[in-house]
2 protein chains.
Amino acid sequence: MTYHAAAFAALADPTRRQVFERLSAGPAPVGELARGLPVSRPAVSQHLKVLKEAGLVNDRAEGTRRVYQIDPKGLGALRAWLDQFWAVALDAYAAEVERQSNEQDDE
Amino acid sequence: MTYHAAAFAALADPTRRQVFERLSAGPAPVGELARGLPVSRPAVSQHLKVLKEAGLVNDRAEGTRRVYQIDPKGLGALRAWLDQFWAVALDAYAAEVERQSNEQDDE
DNA sequence: CTCATCCGTAAGTCATGACTTATCGTTAGT
DNA sequence: ACTAACGATAAGTCATGACTTACGGATGAG
């Protein structure tokens with residue numbers, strides 16, 4: 001459940017986000033992913049490895065191809081972390097706005 | 001709306017996540033933030049600059065202190081991006097499970 | 001008007017990581 | 001069995017960025 005750290009690091013890279021966004025449209029083999037990107041196929045392989053270790057994608061063998069698809073696990077961990085802070089952040093923000101309107105009373 | 005890129009990059013760093021998590025408990029000046037971390041105060045300043053440019057925090061002057069607080073803007077952009085892919089990812093995943101159960105028909 | 005405190009910026013160092021080309025294993029077709 | 005296609009890994013290069021210390025600017029206290 002500490003997946004969110006790896007997921008953040010993985011999605012921080014623009015190329016990896018492109019790969020991920022492409023995969024959200026459906027499963028694809030490595031070569032096809034590389035064809036739509038300005039980097040070499042080994043680079044895509046390395047990116048996919050990072051995404052996989054972050055729980056963001058799965059892979060399955062299909063003949064000589066290796067098909068990757070999105071894994072909801074990593075995305076879920078990210079969402080959980082975000083939601084946890086979303087509520088708190090809004091509360092803190094609201095409290096701050098409140099504090100500012102009472103400013104003359106405090107000081 | 002392209003804030004999510006900067007937000008991902010900002011929260012990819014563990015130290016910056018710590019700063020952000022600390023701020024979710026309420027506003028704090030730079031010195032106090034640095035006191036709870038294993039890095040120097042200038043380092044914290046640099047991290048706060050990155051968080052600010054990502055729309056994740058605000059700052060306001062308070063005497064000689066500079067108080068930082070969470071800004072919901074960046075977190076909101078992140079959430080929007082995530083939600084956009086959350087539904088699609090689940091759909092793709094469900095479609096894939098479906099495809100696998102029909103495997104013998106296709107081949 | 002000092003003087004101390006708080007903070008940001010400058011400059012430099014060092015590790016990390018995003019890419020490349022080269023190589024190897026595996027699978028499919030002839 | 002040979003060859004070609006696909007992909008992962010190895011090794012090396014180069015840029016980025018996370019830190020440090022040193023310094024300068026602003027504010028508040030005496």
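These numbers come from a predicted model, not from an experiment. Within every chain, numbering begins at 1; the chains are lettered A, B, ... in the order of the sequence lines, protein sequences first and strands thereafter. Side chains are part of it too, since the values below use all heavy atoms of this structure and drop only hydrogens, waters and symmetry mates.
Among residues two or more places apart in sequence or in another chain, the side-chain contact (heavy atoms from CB on, under 4.5 Å) test is passed with Ala6(B) by Ala54(B).
When DNA chain D is scanned 5' to 3' for any atom under 4.0 Å from a heavy atom of chain B, the first and last hits are dA18(D) to dG28(D).
Between the side chain of Gln46(A) and the base of dT20(C) there is at least one donor-acceptor pair of N/O atoms closer than 3.5 Å.
Legend: ring-ring contact (aromatic ring centres under 6.0 Å, His included) pairs involving residues 33-82 of chain B, not counting sequence neighbours, sorted by first then second residue: His4(B)-Trp81(B), Phe8(B)-Trp81(B), Trp81(B)-Phe85(B).
If you measure from atom NZ of Lys52(B) to atom C1' of dC7(C), you get 12 Å, rounded to the nearest angstrom. Note: CD (Glu62(B)) to C1' (dC6(C)) measures 13 Å, nearest angstrom. In this structure, CZ of Arg41(A) is placed 14 Å from C1' of dT23(C), rounded to the nearest angstrom.
Between dT5(C) and Thr64(B), no contact under 4.0 Å exists linking OP1 or OP2 to a side-chain N or O.
Scanning all heavy atoms of the two residues, the minimum distance from Gly31(B) to Arg41(B) falls at CA-CD, 4.1 Å. Heavy-atom minimum distance, Tyr3(A) versus Ala77(A): CB-CB, 3.6 Å.
Each of Ser45(B) and Pro38(A) lies near DNA chain C, and the nucleotide nearest Ser45(B) is the one positioned closer to the 5' end.
The only option from Val57(B), Asp13(B), Val50(B), Leu48(B) that meets the side-chain contact (heavy atoms from CB on, under 4.5 Å) definition with Val19(B) turns out to be Leu48(B).
The residue Pro29(B) sits close only to the backbone: its heavy atoms come under 4.0 Å of sugar-phosphate atoms, none of a base.
Salt-bridge check for Glu32(A) with Arg22(A): passed, with a basic side-chain N closer than 4.0 Å to an acidic carboxylate O.
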